[in-house]
Amino acid sequence: MTERVLVIEDDRDIGLGIKTVLAKNGFEVTAVANGREGLRVFHGAPPDLVILDIGLPEMDGWTVLERMRDLSDIPILVLTSHSQEADKVRGLRGGADDYLTKPFGNAEFVARVQALLRRRQAAGRPPPEFYDDGTVQVNFGTQEVIVDGEPVGLTPTEYRLLAALVKHRGQVLSPVKLLELAWSDPFGVGPDRVKYSVMRLRRKLGSDSGPGAPIEAVRGFGYRYRG
């Protein structure tokens, strides 16, 4: 079944470029140039994914994002001309699933779209009993963790932290979200606790914060399991 993408972009050239790239990769694309038309299409024929430019005229992208999130959890990839961290944080906290700063490469763009759609498909399936990326193995039934063939002893919190990261692999999870997922009583626990727990977990997995480490720190946002 062909996956449908709604593109809301007021720049005609960028919108046409996005539509062309997505169509070449097998997607069915509807492109509109303003937020009101985007919401009309969104309500009339819900897509599988939305590409949303923040710098729209009249109704800006922030408003469109808010209205879409009030009604649906369809993946939304935000496009912005600003590289400021504050804009990216605002988008992610507002419900965007990912962001790209213009200009961007076609290969990265398509890869992010495909990753968001895979994530959505995975969310609709029963949770797996096992995870294995060739280095780290997690048995969610027995809560056993094996790294490079050797059992690793984790505290209950460290296990929940690893399980949360693995189950949301590819996604950036904020310290606040990780507190919610991994701590049995997150209230009164500060984000620094997450930082130090991630450091200990990395050591137990036999990796530090280098390029090959499975747990990646995304500055200003949180942590991501590469997988």
Side-chain angles (χ1 to χ4, degrees), residues 49 69-70 72-78 85-86 88-99 111-112 114-227:
L49 181 138
R69 272 295 166 259
D70 284 342
S72 173
D73 62 354
I74 286 173
I76 300 175
L77 172 60
V78 163
E85 184 177 295
K88 298 173 184 177
V89 172
R90 181 180 179 184
L92 292 171
R93 287 180 174 171
D97 296 276
D98 202 354
Y99 67 87
R112 287 179 182 264
Q114 292 171 336
L116 287 174
L117 289 169
R118 283 197 304 271
R119 198 177 301 159
R120 178 174 173 81
Q121 291 165 359
R125 296 194 293 265
E129 295 183 7
F130 298 93
Y131 170 77
D132 185 353
D133 60 22
T135 300
V136 177
Q137 296 174 300
V138 182
N139 184 322
F140 296 112
T142 62
Q143 299 189 2
E144 292 176 298
V145 176
I146 296 175
V147 178
D148 290 329
E150 297 294 331
V152 174
L154 301 180
T155 67
T157 297
E158 288 167 349
Y159 170 78
R160 290 193 297 267
L161 180 59
L162 176 61
L165 288 164
V166 164
K167 289 178 180 179
H168 297 83
R169 57 191 174 277
Q171 292 179 253
V172 178
L173 300 181
S174 70
V176 172
K177 185 64 176 178
L178 286 170
L179 282 172
E180 175 187 327
L181 294 171
W183 270 258
S184 56
D185 183 14
F187 300 102
V189 179
D192 281 347
R193 181 72 65 85
V194 174
K195 175 182 177 181
Y196 293 116
S197 293
V198 168
M199 289 172 58
R200 289 193 297 271
L201 180 57
R202 277 174 166 165
R203 285 197 293 268
K204 290 188 176 183
L205 296 181
S207 62
D208 54 17
S209 58
I215 301 176
E216 174 190 11
V218 182
R219 187 174 181 181
F221 296 101
Y223 301 90
R224 169 169 51 205
Y225 193 91
R226 301 174 195 263

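Worth knowing before you read on, the calculation uses all heavy atoms, side chains too, and leaves out hydrogens, waters and symmetry mates. In this text, all values refer to a predicted model and were calculated from it rather than measured experimentally.
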Quick one: do Y223 and K195 satisfy side-chain contact (heavy atoms from CB on, under 4.5 Å)? Show the steps, please.
-> CA-CA 9 Å; Y223 301 90; K195 175 182 177 181; 3.8 Å; yes
Supply the atom-to-atom distance E129 CD to T142 OG1, rounded to the nearest 0.5 angstrom.
-> 10.0 Å
CZ on R226 to OG1 on T135, rounded to 0.5 Å = 12.5 Å
Please assess Y225 against L173 for the test side-chain contact (heavy atoms from CB on, under 4.5 Å), listing each intermediate value before the final yes or no.
-> CA-CA 9 Å; Y225 193 91; L173 300 181; over 6 Å; no
Could you list the residues that satisfy side-chain contact (heavy atoms from CB on, under 4.5 Å) with D132, not counting sequence neighbours?
-> Q137
Verify side-chain contact (heavy atoms from CB on, under 4.5 Å) between V138 and K167, making sure each step is shown before the conclusion.
-> CA-CA 10 Å; V138 182; K167 289 178 180 179; over 6 Å; no
If you measure from CD1 on I74 to CG on L49, what distance do you get to the nearest 0.5 Å?
-> 8.5 Å
Note: D97-R69 ion pair, threshold 4.0 Å (strictly below) | yes
Verdict with reasoning, I146 to N139, per side-chain contact (heavy atoms from CB on, under 4.5 Å) = CA-CA 9 Å; I146 296 175; N139 184 322; over 6 Å; no
Find the distance between CG (D98) and CD1 (I76) and round it off to the nearest 0.5 Å.
-> 12.0 Å
Say you draw a straight line from OH of Y159 to NZ of K204; how long is it, rounded to the nearest 0.5 Å?
-> 14.5 Å
For G222 and P175, the nearest pair of non-hydrogen atoms, with its separation, is CA-CD, 4.0 Å
Would you indicate whether the side-chain heavy atoms of L181 and H168 approach each other to under 4.5 Å?
-> yes
Rounded distance (nearest 0.5 Å) linking atom CD1 of I215 with atom CG of L162 = 6.0 Å
